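This report refers to the structure that appears directly beneath it.
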Amino acid sequence: MLFSKMFIPTMKEVPKEAEVVSHKLMLRAGFIRRLASGIYTWLPLGLRSLRKVEKIIREEMDKKGAQEILMPLVQPKELWVESTRWEKYGKELLRFVDRNNRDICLAPTHEEVVTDLVRREVRSYKELPLILYQIQTKFRDEIRPRFGVMRGREFTMKDAYSFDMDESGAEASYLNMYDAYMNIFKRCGFSFRAVEADTGQIGGSFSHEFMVLADTGEDIIISCSNCGYAANLERAEIGFVERETSRKKGAFKRVETPGKKKIDDVAQFLGVAPDKLVKTLIYNTDQGVLGVLVKGDREVNETKLRNLMGLEYMELADEETIEKVTGGPLGFSGPIGLKIPLVADMDILFMEDFVAGGNERDVHVVEVNVEDFAVKGFYDLKTAQPGDLCPRCRDKHTATKGIEVGHIFKLGLKYSKAMNATFLDNGGKEQYMVMGCYGIGVSRTVAAAIEQGHDENGMVLPIAIAPFEVDVLPVNTSHAESMELANQVYKALLDKGIDVILDDRDERTGVKFKDCDLIGIPVRVTIGERNLKDGYVEIKLRREKESERVKKEDVIERIIAHVEELKRV
RNA sequence: CGGGGCGUGGCGCAGCAUGGCUAGCGCGCUUGCUUUGGGAGCAAGAAGUCGCUGGUUCAAAUCCAGUCGCCCCGACCA
């Protein structure tokens, strides 16, 4: 490809709309342009990177026996009603009507359509297992699209769905996909981790998120460097060490705490640390009002609570409800004398002489102990943070930021039951198919590569994702000898199957260098009069600071060696 | 949905408070000459319904109202 012929609108200045580095660089490097909030056009350079990611995905999925299909973006309401998601999905599901007033939507995901397809076509256990996938546009009407292509409304996703005859088959499919994902992200050149994610009602360790490690990531990963445990913040479990406590009973005392509602205010007023307090949160749930106790300086993890209690719906109670069930106003709730069911975080079990609300205006109680009230049990209910203990080895947790690029999930019978996707087993008996689903944010993967690889001059992309592998850069296009060699090198590399661009533009050298750096091309070959005089050209790797001088006869060989080396990583 | 900010040639901005000449600046773009190893120099150009609609006024980028778009922050922890 000739640089002069390619549509690469680079920018020196950053459009004000961009906040994060990947977004800024994608705009500056001419990868994408915004059409509307969260909706982007991919330009030739960006599309090349996107296609490279797609290619890796296709190869690895195919290797595992998954088969590519392509499903519609526009879908009828009926299927979504069947799965009950027409009601449940919320506003992210963009709905509208066609000319005949039929309700339709833009697909945010494809469980419904793929399940419909398979239930119609697959009848026998002999046709299972089956893994289908597609790389396709999704539309999710996000509350707040941001960070360019990282959280867009319209985006490219690879989604795969597995259908098995039984649990063990489904597990095998899951592991198969897990393996494929590991290979995909390795080939993309990422530094990443597979972390345990929330599995909701299904439970078990059958959901993993694939996180690209980057300081600018939106997600927090809790991990243990000792045993390798890793989970997202939502799920991360916390280990505990048993400890003797005094178990006093009835020693608590009322204290006046006028107007002190917040943990910090109460702590300050009483002259104690916030971790000597216990806060009592009142929730409205589908199982009635529920009280949750957690140490003053920690936060309830609602996902853990929901999973523990099997809650469908939960939300913090309003002031009115609080007054009704506790007898005191918001800010003064405590466990003593409460009539509603209570669950407590494990921390509470090991606390002694703590402070809690008095269920009365302007009153707290001090020197409270667990013997003073009744709870249904002590559980891991708080959100993990660094320094907490690993559930497996009791070493300390650390926190890292990451960008979620992939998510695999065992669905079980959720959709097959709702939509009646069945097959006949070898005994002639009708059974539900056991499903799994597996997603990769393809456009986000490109952005993640930039978040992970950049410097002050622009992108520093892994060779697997960079739009080109090599940039051949003649310093002066009017110098015949330079141009001749440049063309020669360019053609030779093309012949070797290397993805190369020749910067044949009649621009100043600085401009060409800046552009080359900006778009993150891993290998640059500079051909200039100065070096050529002695029979040399210069090779520079994007990620290295220094360049090397190479005899012009050896240049092809050196470049190929570099490309292969970079591909190995 | 709540709060904040922004909207002026392709990009980044100034001008607006206190309305008034031909709406400026930098980058980019076009042409010519010079230049050619890290975003060049000189010269000459092209390009803007000041987001849109309505209002106030002799006069609106500037004041008022409405509207659209974009960005940021937040969305309940007692």
Side-chain angles (χ1 to χ4, degrees), chain A residues 9-20 23-24 27-28 30 33-39 90-91 142-148 151 257 259-267 274 277-284 291-302 305 314-319 321-323 325-326 328-335 345 355-359 361-362 364 381-383 456-458 473-479 482-483 503 505-518 524-533 536-538 540 547 549:
Chain A
T10 60
M11 289 187 283
K12 230 198 256 193
E13 277 161 308
V14 196
K16 212 52 212 160
E17 68 190 56
E19 197 67 20
V20 298
H23 189 193
K24 288 179 181 171
L27 290 168
R28 283 191 56 207
R33 287 293 181 266
R34 196 196 72 232
L35 177 65
S37 178
I39 300 178
K91 287 188 181 159
E142 293 279 347
I143 293 185
R144 182 145 87 89
R146 63 185 121 175
F147 307 148
R151 181 175 296 283
T257 49
K260 308 298 179 195
K261 296 183 178 182
K262 300 228 171 229
I263 287 290
D264 287 342
D265 295 344
V266 177
L277 274 66
V278 166
K279 58 185 175 190
T280 306
L281 274 46
I282 312 295
Y283 282 91
N284 271 319
V292 182
L293 305 180
V294 65
K295 201 156 74 161
D297 60 341
R298 300 304 296 263
E299 287 175 7
V300 169
N301 182 324
E302 294 190 354
L305 184 60
M314 59 176 295
E315 151 176 88
L316 280 165
D318 52 276
E319 299 200 25
T321 310
I322 291 170
E323 296 229 27
V325 300
T326 72
L330 178 133
F332 297 95
S333 304
D345 181 71
V355 179
N359 295 323
R361 180 175 298 281
D362 297 341
H364 278 76
L381 286 177
K382 64 178 192 273
T383 299
E456 63 284 356
N457 293 317
L473 194 157
V475 169
N476 184 351
T477 47
S478 50
H479 183 242
S482 299
M483 279 313 286
D503 196 345
R505 293 175 301 166
D506 182 21
E507 283 285 355
R508 306 203 104 228
T509 323
V511 173
K512 299 207 245 189
F513 282 159
K514 290 286 181 190
D515 276 344
C516 183
D517 285 348
L518 179 61
R524 187 182 79 201
V525 188
T526 311
I527 298 173
E529 226 173 318
R530 212 171 64 190
N531 279 324
L532 207 52
K533 205 167 64 218
Y536 284 91
V537 299
E538 178 191 287
K540 183 175 173 303
S547 57
R549 256 162 57 105

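Convention: sequence-line order gives letters A, B, ...; per-chain numbering from 1. Please read these numbers as outputs of a predicted model, since none were measured by experiment.
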G37(B), C71(B), C72(B): which one has an atom nearest the side-chain heavy atoms of Phe147(A)?
C72(B)

Looking at G38(B), does its base get a donor-acceptor pair with the side chain of Arg524(A) below 3.5 Å?
yes

Mind checking if Asn457(A) touches a base, just sugar-phosphate, or nothing, with heavy atoms under 4.0 Å?
nothing

Hey, does Ile143(A) reach any base, or is it just sugar-phosphate, or nothing, if we go heavy atoms under 4.0 Å?
base

Name the closest nucleotide to the Asn531(A) side chain, picking from G39(B), C76(B), G37(B).
G37(B)

With both distances under 3.5 angstrom, what nucleotide forms a Watson-Crick or G-U wobble pair with C52(B)?
G66(B)

Under 4.0 angstrom, heavy atoms only, what part of the nucleic acid is Ala18(A) near: base, sugar-phosphate, or nothing?
nothing

Nearest-neighbour nucleotide for the Thr10(A) side chain, G39(B), G37(B), C77(B) considered:
G39(B)

Per Val300(A) side chain, nearest of listed nucleotides C70(B), C77(B), G37(B)
C77(B)

Between atom CZ in Arg146(A) and atom P in C71(B), what is the gap in whole Å?
11 Å

Could you pull out the protein-nucleic contacts involving nucleotides 32-36 of chain B (nitrogen or oxygen on both sides, under 3.5 Å)?
{"unit_1": "U35(B)", "atom_1": "O2", "unit_2": "Arg508(A)", "atom_2": "NH2", "d": "3.4"}

Of the options C77(B), G28(B), C72(B), whose atoms approach the side-chain atoms of Arg144(A) most closely?
C72(B)

Among G39(B), C77(B), G37(B), find the nucleotide with the atom closest to the side chain of Glu299(A).
C77(B)

Using atom names, set out every protein N or O paired with an N or O of nucleotides 8-12 of chain B below 3.5 Å, distance rounded to 0.1 Å.
{"unit_1": "C11(B)", "atom_1": "O2", "unit_2": "Glu13(A)", "atom_2": "OE1", "d": "3.3"}
{"unit_1": "G12(B)", "atom_1": "OP1", "unit_2": "Lys16(A)", "atom_2": "N", "d": "2.9"}

Rounded to whole angstrom units, what separation is found between the CD atom of Glu302(A) and the P atom of C77(B)?
10 Å

